[in-house]
Amino acid sequence: MFEKEQQIIEAKIREFCSQNDIPLAELKWTSIPFSGEWGMSTSFFATAAHEARSGKKIQVPQRAQEITEQIKVQIGRVDGISRIEAVKGYLNLYFSTPEYARRVVDEVLASGADFGRGAAKNERVMVEYAQPNTHHSFHIGHYRNTILGESLARLVEFAGFDTIRASYPGDIGLGVITILWAYDRFYKSQEPSGIHERGQWLLKIYVEATAMLEPKENETPEEKTKREAYDAERREMYRKWDAGDKYVRDLWLKTREWSLEELRDILRILDVKMDVWFFESEVDEPAKEIVEELIQKGIADDERPQGGAVIVKIDEKLGLKKEKYRTNIILRSDGTTLYLTKDLALAKVKFEQYHVDRSIYVVDVRQSMHLQQAFAILKLWGFKQAEKCYHLGYGFVSLPEGAMSARRGRVVLFKDVMDEAIRRVLAVESEKSPEMSEDERMKVAHQIGLGAMAYSMLSVDNSRDMIFEMDNALSFDGRTGPYIQNAYVRANSILKRSNVQTLQRSNVDFSYELDPHEIEVIEKISQFPDVVQQAANEYRPMVMANYAYDLANAFHSFYHAVPVLQSENEEIRLARLRLVAAAKQVIANALRLLDIQAPEVM
RNA sequence: GCCCCUGUAGCUCAACGGACAGAGCAGCUGCCUUCUAAGCAGAAGGUUGUGGGUUCGAAUCCCGCCAGGGGCGCCA
């Protein structure tokens with residue numbers, strides 16, 4: 001926002017250095033870390049160190065300070081810069097606050113929801129996330145995946161990339177068949193009516209089926225016979241599915257639809273709008289063709305004649321001496337495909353049909369090896385885009401009692417957490433806002449409950465594992481979603497009471513002595529566009545989550561310390577109202593990128 | 001055996017190689033007839049796992065070690 005002033009000053013610095021024969025190192029600008037005044041800063045340590053290396057006998061910190069002081073003199077006065085300071089090797093430029101405050105606030109109010117949006121980058125990115133298995137319910141681990149993927153998609157989109165959202169549900173595999181078998185065998189034509197109840201019911205069936213199919217300790221011969229018979233039935237069902245048997249396929253589609261109904265409902269609740277749906281089952285046949293092609297090209301080795309499978313010796317084919325990607329199977333000895341095979345087929349579709357330049361896989365970090373293998377095989381296969389495949393691995397969510405396990409029924413369901421979140425918000429709500437209508441209360445409870453959940457997930461960096469604890473996830477105090485939402489609500493509350501209709505056009509400036517809290521808010525607001533780019537470049541929603549908190553924090557302090565409606569005079573009142581409106585807008589923009597709603601009241 | 005991730009306040013976590021390592025929670029002190037107290041202000045809390053190295057400068061980069069987690073040819 002202050003590129004012009006920065007350029008003028010950089011030019012003067014270069015001029016000084018060339019006049020004095022000082023080789024200037026790259027200038028890196030940051031905002032001044034002291035609060036209360038507003039400006040930008042650069043340092044001359046690198047330049048001084050460069051001199052030191054060239055043989056001059058100098059102390060780097062002292063020399064840096066010396067250069068800084070001389071440069072300060074050289075720069076003199078610059079329009080828009082109120083003062084310049086040379087301290088500890090840092091050159092601090094303080095902005096003339098009325099001018100910059102007006103500039104920031106004007107730009108936010110003019111751009112509105114687009115404030116912070118990056119210029120179009122002419123690159124298409126596909127973000128693949130929301131890959132739960134069908135035939136059972138959506139748990140809190142799926143939730144981390146989905147909210148992380150959605151926030152990332154919003155960030156890269158807002159940063160300027162053409163973005164495609166893709167979901168890849170695992171709708172086939174032995175786990176799915178297990179549920180299908182148990183349903184058909186024991187529960188046929190029974191089913192709960194509710195969307196979520198049905199998913200949870202399928203999960204229950206899965207747990208029962210797994211127990212029946214797993215060998216027990218001290219198994220009697222009768223039990224063993226029965227178990228083996230069940231297993232044979234299950235495998236027969238898989239064979240029939242593979243052969244396209246109509247009965248099994250119909251049953252599979254019907255039950256799959258139950259899960260998809262639940263998934264679609266959850267995505268609706270989370271305000272996630274998928275552009276593309278890939279189903280594992282759809283890439284099964286194309287995957288088999290790819291295996292043939294890879295054998296033809298000499299990339300894969302067919303060991304089936306020796307009773308083996310089709311494998312790719314990845315390291316060997318890449319010419320690597322040390323083991324890195326190892327060897328993996330792409331087709332079972334019985335001719336069926338594996339997850340890896342299907343991922344190859346899926347990547348081909350992404351590149352050839354959707355023309356994506358970059359593909360981001362939001363997948364549990366435990367699948368890191370698998371995806372690296374997939375990318376390596378794509379490269380061997382000849383796909384240039386393979387280098388633009390990126391696995392965004394995130395730490396997995398476990399429970400205080402250990403890892404989640406669908407087959408053992410040890411999961412925390414998203415829907416249960418959400419219901420509990422809403423219950424807790426309603427309890428607070430009835431205490432704090434008894435005057436609210438029932439409809440509004442319910443709406444706000446959803447917004448805040450989901451906001452707390454989303455923030456608790458997104459405020460943890462990708463690489464970190466997470467232990468899910470209800471009380472932490474649903475806290476409404478301190479560094480949480482509701483804290484940020486509350487800042488938005490407070491801003492909104494001031495604006496509602498102001499009765500000013502002309503904020504957009506009001507020709508006011510900030511030519512009074514700004515309170516440090518005001519400057520803090522303005523500075524935070526001005527950083528938003530950079531934070532968008534950083535979060536998108538690093539694929540880290542947490543960066544935005546941290547920023548949203550910092551902005552809300554600055555606003556809360558401002559709110560407490562600085563009167564707005566009761567300002568000394570009308571001019572200050574209008575200026576502050578515009579600032580409040582700008583802060584409200586940027587909080588909303590930040591929350592939107594975190595897939596968190598901004599309630600008007602709470 | 002090989003590869004990846006993590007180790008920072010009592011707990012959960014931040015910190016583009018840069019200024020005094022910051023928040024929240026828990027505990028302690030204050031602040032609601034004044035724009036929403038889901039808030040604000042303050043005090044307290046640290047040998048950044050450990051030993052070297054690079055650098056003017058290291059929580060950050062490199063090497064070793066220790067501890068925890070994850071992964072490694074017919075699961076996904």
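Numbered from 1 within each chain, the chains take letters A, B, ... in sequence-line order.
- Taking the C1' atom of each, B:rC11 and B:rG27 are spaced 12 Å apart, rounded to whole Å.
- Look at the P atom in both B:rG70 and B:rC56: the space between them is 42 Å, to the nearest Å.
- Where A:Asn546 and A:Val87 each meet RNA chain B at their nearest nucleotide, the meeting point lying more 5' is that of A:Asn546.
- Remark: the A:Ser43 side chain and the B:rA19 base include no donor-acceptor N/O pair separated by less than 3.5 Å.
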Practice item. Decide yes or no on side-chain contact (heavy atoms from CB on, under 4.5 Å) for A:Tyr455 and A:Tyr549, but give the supporting numbers first. Key: CA-CA 10 Å; A:Tyr455 198 85; A:Tyr549 174 80; 3.4 Å; yes
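- Nearest to the side-chain atoms of A:Arg332 among the listed nucleotides B:rC56, B:rC25, B:rC75 stands B:rC75.
- Ring centroids of A:Tyr206 and A:His135 are separated by 6.0 Å or more, keeping the two rings apart.
- Side-chain N/O atoms of A:Arg490 and base N/O atoms of B:rC35 include no donor-acceptor pair closer than 3.5 Å.
- For A:Arg366, the listed nucleotide lying nearest its side chain is B:rG71; candidates were B:rG71, B:rG39, B:rC16.
- Just one residue in the list A:Asp461, A:Asn145, A:Asp364, A:Asn462 forms a side chain to side chain donor-acceptor pair (under 3.5 Å) with A:Tyr394, and that residue is A:Asn145.
- Side-chain atoms of A:Phe396 lie closest to B:rG69 of the nucleotides B:rC40, B:rG69, B:rC75.
- Heavy atoms of A:Arg540 sit under 4.0 angstrom from primed sugar atoms or phosphate atoms, though from no base atom.
- With its glycosidic angle more than 90° from 0, B:rC16 adopts the anti conformation.
- Among B:rG1, B:rC35, B:rA76, the nucleotide with an atom closest to any side-chain atom of A:Glu323 is B:rG1.
- The A:Gln367 side chain lies nearest to B:rA76 when the options are B:rU6, B:rA76, B:rG70.
- A:Trp241 and A:Trp252 have perpendicular rings, their planes meeting at more than 60° on a 0 to 90° scale where under 30° would count as parallel.
- The residue A:Val601 sits close to a base: some heavy atom pair falls under 4.0 Å.
- Close to B:rC20, at under 4.0 Å from its OP1 or OP2, lies a side-chain N or O of A:Lys88.
- Among the protein residues, A:Glu303 comes within range of no part of the nucleic acid, since none of its heavy atoms lies under 4.0 Å from any strand.
- A:Asp334 and A:Arg304 are not joined by a salt bridge, as no carboxylate oxygen comes within less than 4.0 angstrom of a charged side-chain nitrogen.
- The P atoms of B:rG69 and B:rA15 are separated by 24 Å, rounded to the nearest whole Å.
- Scanning atom types as modelled, no donor and acceptor separated by under 3.5 angstrom connect the side chain of A:Arg464 and the base of B:rC13.
- Comparing B:rG51 with B:rU60, their P atoms sit 13 Å apart, to the nearest whole Å.
- Considering only side-chain atoms of A:Thr30, the nucleotide from B:rC74, B:rC16, B:rG1 that sits closest is B:rC16.
- Distance from the side chain of A:Ala309 is smallest to B:rC74 among B:rA23, B:rC74, B:rC40.
- With salt bridges taken as basic N to acidic carboxylate O contacts below 4.0 Å, none links A:Glu69 and A:Lys72.
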**Study point:** Pairing string, 5' to 3', for RNA chain B - Watson-Crick or wobble contacts under 3.5 Å, brackets [ ] where pairs cross, | to another strand
**Key:** (((((((..((((....[...))))..((((.......))))......(((((..]....))))))))))))....
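- For A:Tyr361 and A:Phe375, the gap between ring centers is short of 6.0 Å.
- Out of B:rA76, B:rG39, B:rG24, the shortest distance to the side chain of A:Asp477 is found at B:rG39.
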Check your understanding: Run the ring-ring contact (aromatic ring centres under 6.0 Å, His included) check on A:Tyr483 and A:His556 step by step: do they pass?
Key -> CA-CA 9 Å; A:Tyr483 175 94; A:His556 276 303; 4.5 Å; yes
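- Among the heavy atoms of the strands lying under 4.0 Å from A:Ala46 is at least one base atom, whether or not backbone atoms are also near.
- Closest approach to the A:Leu565 side chain among B:rG69, B:rC75, B:rC35 is made by B:rC35 (side chain taken as heavy atoms from C-beta onward).
- Closest to the A:Val60 side chain, of the nucleotides B:rC5, B:rC74, B:rC56, is B:rC56.
- Heavy-atom contacts from other residues, nucleotides or ligands closer than 6.0 Å to NZ of A:Lys324 number 12 or fewer.
- Nucleic acid contact class of A:Arg53 (heavy atoms, under 4.0 Å, all strands): sugar-phosphate only.
- Taking atom C1' in both B:rG68 and B:rG49, one finds a spacing of 11 Å when rounded to whole Å.
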